[in-house]
Engineer: 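Before we start, here is the structure in question, set down as structure tokens.
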Amino acid sequence: MTVTRFAPSPTGYLHIGGLRTALFSWLTAQHDKGEFLLRIEDTDMARNSEEAKEAILKAFEWVGMSHDGEVVYQSKRFDLYKKFIDQLLAEGKAYKCYMSKEELTELREEQMAKKERTRYDGRYRDFTGTPPAEINPVIRIKAPQEGTITFVDGVKGEMNISADEVDDFVIARADGAPTYNFVVAIDDALMGLTEVIRGDDHLYNTPKQIVVYNALGLDLPNFNHVAMINNEQGKKLSKRDGATDVMAYKEMGYLPEALLNFLVRLGWSHGDQEIFSIEEMIELFDPKNINKSSSNYNLDKLLWLNAHYIKNMPNEKLAGMLKEYGVNIEGHDKLELLLDATKERGKTLVELAEQINLILTTPSEYDAKASKKAFKGEAKEVLADFAAMLREWDKTLHLPCDYHEVMDKLVSEKEIGFGKIGMPLRVSLLGSMTGSGLDEIMAILGVDETVVRIEKAIEAIE
RNA sequence: GGCCCCAUCGUCUAGCGGUUAGGAUCCAUGGUUUUCAUCCAUGUUACAGGAGUUCAAGUCUCCUUGGGGUCACCA
């Protein structure tokens, strides 16, 4: 069975890159009807935050990627890691290193001065003397000193990393707390991972983790390293260009299905297909089709996708989502009409909410440019006539087409162009020159409110 | 700097030795629409550069250039 996982460290919110690797992992598991596990990497007690953890979980909930089983917290598994450390120590596969931090820094500076790769020199690897007092040792694992560490990456292909790129790295800190590369290998193995899908930035952790797998005699999973997402200029993603909290996308009015669709196409493709429902993603996703190259983050397509998903979303569901954007139209008797009239005009839920509010609120002022253009000439008279006709036909007006008929009548009786009534009417109803169709707006407002707005506009024309 | 990875329109990408190099987005133009938006149509724009291999190279090899990653008692 395919088992994948997402393993964030709770040191900050979940951002777009993390969400994408999580999505890839989740899709892989869903596709194979396997399991997608969630693990919180909180071995560094000093840098963890409860808030960050909550935020990450919340983001997952929002996009609807559910994990299987309980969330695994590494901080609760220290006993387990300790056992493995002791085992390696006993087997002579790991050793205590009494080098002080100062000595380490010194060594590093020396190496840097000589333009060498900075690495631990193994001075305590075969140490048998009396250890220096007052130094709490760290535990280092014995990495191979020659040869090559080889693994096949599902995305990059065969990787060969020279053993001297991997030093005897620390697996337990001076305070006994285990370190990242050690616990990741153990947990991935114990949790039964078959596919490890993670960011490219972990590529060089892989040989280190393989050292741990080998020392402990654990089976290797398949590794898949996904290239990074950069900003539009191809530079590292910063908060300014999108490395913000995933939840910020919700605030900006993006739909989770749009965000996921956007992300799945960043570094993955299925021919020319652009639109993927969650079901299609699951059906079609294969990590083998993940791109080797990094991709640049650009909002244009996300916006387009978002507009697409808004347009195609059932009104009932849309109304439910809109509540969080300050628009409560659930139970509104013209809900269908209202959303049909506005959903093609909002690329985000925020914009859609604005469009709806534009219709629902009586304009308190008229856009200067629009009113100057629309309220000139005989606009006042035309509006008054139109209002009178609405009153006259009041009881028969229900649908947009009913209102349209009245407009038709007015236009033909007065022998004027459609614009003569359209423009002033639009500004009267919305306060501006742009927006939804007049027929729809009037049908939503009803005769009373429509007339109120027209009369208000007539007053304003004086 | 060492090591590693990557390179097709501005952006996301298709391509897997023979294509008029395709799609999407963006942008522009036209059409539909009483406005805006939607929708539809059309158009501009790409194989980073240089050597090879081959009858034939965006596709294979090498070099250059550019970008990215990584070198912790962080994850």
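Just so we're on the same page: letters track the sequence lines, and every chain starts at 1.
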Engineer: Starting from P on U34(B), measure out to OH on Tyr403(A) and report it in whole angstrom.
Structural biologist: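 Rounded to whole Å, this separation is 19 Å.
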Engineer: Taking all atoms of both residues into account, what is the closest heavy-atom pair of Pro10(A) and Asp42(A), and its distance?
Structural biologist: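 Nearest pair, atom of Pro10(A) first, then Asp42(A): CG-CB, 3.9 Å.
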Engineer: Taking only Lys NZ, Arg NE, NH1 and NH2, and the carboxylate oxygens of Asp or Glu, determine whether Asp86(A) and Lys82(A) approach each other closer than 4.0 Å.
Structural biologist: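 Looking at Lys82(A) together with Asp86(A), the answer is yes, because their closest N to O distance falls below 4.0 Å.
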Engineer: Go through U35(B), U11(B), G69(B) for me and flag the one nearest to the Asn296(A) side chain.
Structural biologist: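 Ranking U35(B), U11(B), G69(B) by closest atom to the Asn296(A) side chain puts U11(B) first.
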Engineer: For U38(B), give its Watson-Crick or G-U wobble partner with both distances under 3.5 Å, or none.
Structural biologist: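 Pairing partner: none.
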Engineer: Taking any strand in view, what nucleotide pairs with U53(B) in a Watson-Crick or G-U wobble way, both distances under 3.5 Å?
Structural biologist: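 No nucleotide pairs with U53(B).
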Engineer: With heavy atoms under 4.0 Å as the rule, sort Ser9(A) into base, sugar-phosphate or nothing.
Structural biologist: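 Sugar-phosphate only.
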Engineer: Going by atom types alone, do Thr206(A) and Arg198(A) pair a side-chain donor with an acceptor below 3.5 Å?
Structural biologist: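 Yes.
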Engineer: Base, sugar-phosphate, or nothing for Arg39(A), non-hydrogen atoms under 4.0 angstrom?
Structural biologist: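 It contacts nothing in the nucleic acid.
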Engineer: Rounded off to whole Å, could you give me the CD-to-C1' distance for the Glu344(A) and U38(B) pair?
Structural biologist: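 These atoms are roughly 4 Å apart.
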Engineer: How long is the gap from CZ on Phe386(A) to CD1 on Ile458(A), to the nearest 0.5 Å?
Structural biologist: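 Nearest 0.5 Å value for the CZ-CD1 distance: 11.5 Å.
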Engineer: Classify Arg108(A) by what it touches in the nucleic acid, base, sugar-phosphate, or nothing, heavy-atom distance under 4.0 Å.
Structural biologist: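 Sugar-phosphate contact only.
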Engineer: Which part of the nucleic acid does Thr342(A) contact within heavy-atom distance under 4.0 Å: base, sugar-phosphate only, or nothing?
Structural biologist: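 Nothing: the residue Thr342(A), judged by heavy atoms under 4.0 Å, touches no strand.
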Engineer: Under 4.0 Å, counting only non-hydrogen atoms across every strand here, what does Val170(A) touch: a base, just sugar-phosphate, or nothing?
Structural biologist: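 The answer is sugar-phosphate, as Val170(A) gets under 4.0 Å only of primed atoms, P, OP1 or OP2.
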Engineer: Using every non-hydrogen atom in the two residues, find where Ala94(A) and Ile171(A) come nearest and quote the distance to one decimal.
Structural biologist: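 Result for this residue pair: CB-CD1, 4.1 Å.
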Engineer: Rounded to whole angstroms, how far apart are CG on Leu299(A) and C1' on A24(B)?
Structural biologist: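 Atom CG in Leu299(A) sits about 16 Å away from atom C1' in A24(B).
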Engineer: So, under a plain 3.5 Å distance rule, would you say the side chain of Asn205(A) forms a donor-acceptor pair with the base of A75(B)?
Structural biologist: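 Such a pair exists between side chain and base.
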Engineer: Between the side chains of Glu274(A) and Lys301(A), is the shortest nitrogen-to-carboxylate-oxygen separation below 4.0 Å, so that they form an ion pair?
Structural biologist: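 The answer is yes: the pair qualifies as a salt bridge.
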Engineer: Between residues 257-270 of chain A and RNA chain B, which residues have a heavy-atom gap below 4.0 Å?
Structural biologist: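 Output list: Arg265(A), Leu266(A), Gly267(A), Ser269(A).
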Engineer: Mind calculating the distance between CD (Gln74(A)) and P (C74(B)) to the nearest angstrom?
Structural biologist: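 To the nearest whole Å, that distance equals 13 Å.
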Engineer: When you check the phosphate oxygens OP1 and OP2 of A37(B), does a side-chain N or O of Arg426(A) lie under 4.0 Å from one of them?
Structural biologist: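 No, because none of the side-chain N or O atoms of Arg426(A) sits under 4.0 Å from OP1 or OP2 of A37(B).
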Engineer: Assign Leu438(A) to base, sugar-phosphate, or nothing according to its heavy-atom contacts below 4.0 angstrom with the strands shown.
Structural biologist: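 Counting heavy atoms under 4.0 Å across all strands, the contact made by Leu438(A) includes a base.
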Engineer: G15(B) C1' sits how many Å from Asn289(A) CG, rounded?
Structural biologist: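 After rounding, the reported distance stands at 13 Å.
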Engineer: Do the side-chain N or O atoms of Lys347(A) get closer than 4.0 angstrom to the phosphate oxygens (OP1, OP2) of U38(B)?
Structural biologist: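 So the side chain of Lys347(A) is within the cut-off, an N or O lying under 4.0 Å from OP1 or OP2 of U38(B).
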Engineer: Got a list of protein N/O to nucleotides 45-50 of chain B N/O distances below 3.5 Å?
Structural biologist:
none

Engineer: Which one is paired to A72(B), where only Watson-Crick or G-U wobble pairs with both distances under 3.5 angstrom count?
Structural biologist: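 A72(B) is unpaired by these criteria.
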Engineer: Given the C1' atoms of U45(B) and C27(B), what is the spacing between them in whole Å?
Structural biologist: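 The same atom, C1', in both gives a distance of 10 Å.
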Engineer: Examine the side chains of His225(A) and Tyr204(A) and answer whether a donor and an acceptor come within less than 3.5 Å of each other.
Structural biologist: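 Tyr204(A) and His225(A) do not have a side-chain donor-acceptor pair below 3.5 Å.
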Engineer: What nucleotide among C73(B), U34(B), U25(B) has an atom nearest to a side-chain atom of Phe418(A)?
Structural biologist: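 Per side-chain heavy atoms of Phe418(A), the pick is U34(B).
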Engineer: Would you say A14(B) has OP1 or OP2 under 4.0 Å from some side-chain N or O of Asn291(A)?
Structural biologist: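 Yes, Asn291(A) has a side-chain N/O under 4.0 Å of OP1/OP2 on A14(B).
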Engineer: Using atom P in both nucleotides, what's the gap between U19(B) and A57(B) to the nearest angstrom?
Structural biologist: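 The answer is 10 Å between these two P atoms.
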Engineer: How about Asp168(A) and Tyr95(A): does a side-chain donor come under 3.5 Å of a side-chain acceptor?
Structural biologist: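 There is such a pair (donor and acceptor under 3.5 Å, judged by atom type) between the side chains of Asp168(A) and Tyr95(A).
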Engineer: Provide the Watson-Crick or G-U wobble partner of A48(B), both distances under 3.5 Å; none if there is no partner.
Structural biologist: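 Answer to the pairing question: U64(B), which forms a Watson-Crick or G-U pair with A48(B).
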Engineer: Taking all non-hydrogen atoms of both residues, which atom of Ser428(A) and which atom of Ala457(A) are closest, and how far apart?
Structural biologist: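 Heavy atoms of Ser428(A) and Ala457(A) come nearest at OG-CB, 3.3 Å.
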Engineer: Given atom NZ of Lys372(A) and atom P of U35(B), what is their separation to the nearest angstrom?
Structural biologist: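 After rounding, the gap between these two atoms is 22 Å.
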Engineer: How many Å lie between CZ on Arg119(A) and P on C73(B), as a whole number?
Structural biologist: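 To the nearest whole Å, that distance equals 13 Å.
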Engineer: For U38(B), take OP1 and OP2 only and decide whether either is under 4.0 Å from a side-chain N or O of Arg345(A).
Structural biologist: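 Answer is no, no contact under 4.0 Å.
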Engineer: Side chains of Thr11(A) and Ser9(A) only: does a donor on one sit below 3.5 Å from an acceptor on the other?
Structural biologist: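 Yes, a side-chain donor-acceptor pair sits under 3.5 Å.
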Engineer: By the 4.0 Å heavy-atom rule, please label Ala174(A) as base, sugar-phosphate, or nothing.
Structural biologist: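 The answer is base, as Ala174(A) lies within the cut-off (heavy atoms under 4.0 Å) of a base atom.
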Engineer: Go through the steps to decide whether Lys156(A) and Asp200(A) satisfy the test salt bridge (Lys or Arg N to Asp or Glu O under 4.0 Å), and finish with yes or no.
Structural biologist: CA-CA 10 Å; Lys156(A) 310 250 177 217; Asp200(A) 216 350; 3.2 Å; yes
Engineer: Do NZ/NE/NH1/NH2 and the carboxylate oxygens of Arg117(A) and Glu165(A) come within less than 4.0 Å?
Structural biologist: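 Looking at Glu165(A) together with Arg117(A), the answer is yes, because their closest N to O distance falls below 4.0 Å.
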Engineer: Confirm from the modelled atom types if Glu274(A) and G23(B) form a donor-acceptor pair under 3.5 Å, side chain to base only.
Structural biologist: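 Donor-acceptor pair under 3.5 Å: yes.
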Engineer: Taking atom P in both G30(B) and U38(B), what distance in whole Å separates the two?
Structural biologist: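 Their P atoms lie roughly 16 Å apart.
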Engineer: Please list each protein N or O that sits under 3.5 Å from an N or O in nucleotides 3-9 of chain B, with the distance.
Structural biologist:
{"residue": "C3(B)", "atom": "O4'", "partner": "Glu165(A)", "partner atom": "OE2", "Å": "3.4"}
{"residue": "C3(B)", "atom": "O2'", "partner": "Tyr204(A)", "partner atom": "OH", "Å": "2.6"}
{"residue": "C3(B)", "atom": "O2", "partner": "Tyr204(A)", "partner atom": "OH", "Å": "3.3"}
{"residue": "C4(B)", "atom": "O4'", "partner": "Tyr204(A)", "partner atom": "OH", "Å": "3.0"}
{"residue": "C5(B)", "atom": "O2'", "partner": "Lys156(A)", "partner atom": "NZ", "Å": "2.9"}

Engineer: Any idea which of G10(B), C73(B), A75(B) is nearest the Asn298(A) side chain?
Structural biologist: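 Closest nucleotide to the Asn298(A) side chain: G10(B).
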Engineer: Using a 4.0 Å heavy-atom cut-off across all strands, classify Lys235(A) as base, sugar-phosphate, or nothing.
Structural biologist: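 Sugar-phosphate contact only.
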Engineer: Determine the Euclidean distance between corresponding P atoms of C5(B) and G52(B); express it in Å to zero decimal places.
Structural biologist: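 Per the computed distance, 26 Å lies between those P atoms.
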Engineer: Above 12 or not: heavy atoms from other molecules or residues under 6.0 Å from CD of Glu378(A)?
Structural biologist: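 No, not enclosed.
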Engineer: Between Glu110(A) and Arg108(A), is there a side-chain N and carboxylate O pair less than 4.0 Å apart?
Structural biologist: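 So Glu110(A) does not pair with Arg108(A) through a salt bridge.
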Engineer: NZ of Lys208(A) versus P of U70(B): gap in Å, rounded?
Structural biologist: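 Result: 12 Å.
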Engineer: Between the base of G22(B) and the side chain of Asp272(A), is there a donor-acceptor distance below 3.5 Å?
Structural biologist: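 Counting by modelled atom types and ignoring angles, a donor-acceptor contact under 3.5 Å is found here.
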Engineer: Determine the contact category for His202(A): base if any of its heavy atoms lies under 4.0 Å from a base atom, sugar-phosphate if only primed atoms, P, OP1 or OP2 are that close, otherwise nothing.
Structural biologist: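 His202(A): base contact, heavy atoms under 4.0 Å.
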Engineer: Pick base, sugar-phosphate or nothing for Gly435(A), based on heavy-atom distances below 4.0 Å to the nucleic acid.
Structural biologist: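 The residue Gly435(A) makes base contact.
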Engineer: Would you please confirm or rule out a distance under 4.0 Å between OP1 or OP2 of C39(B) and any side-chain N or O of Lys311(A)?
Structural biologist: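 Answer is yes, contact under 4.0 Å.
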Engineer: Could you give the distance separating U44(B) and C26(B) at their C1' atoms, to the nearest angstrom?
Structural biologist: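 Pairwise C1' distance, C26(B) against U44(B), rounds to 12 Å.
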Engineer: Have Glu102(A) and Thr105(A) got a donor and an acceptor in their side chains that come within less than 3.5 Å?
Structural biologist: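 No, no side-chain donor-acceptor contact under 3.5 Å.
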Engineer: OP1 or OP2 of A75(B) versus the side-chain N and O atoms of Arg173(A): is any pair under 4.0 Å?
Structural biologist: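 Yes, because at least one side-chain N or O of Arg173(A) sits under 4.0 Å from OP1 or OP2 of A75(B).
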Engineer: When you measure from the centre of the six-membered ring of Tyr120(A), is the NZ or CZ of Arg140(A) under 6.0 Å away and within 45° of the axis?
Structural biologist: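 Output yes; distance and angle both within limits.
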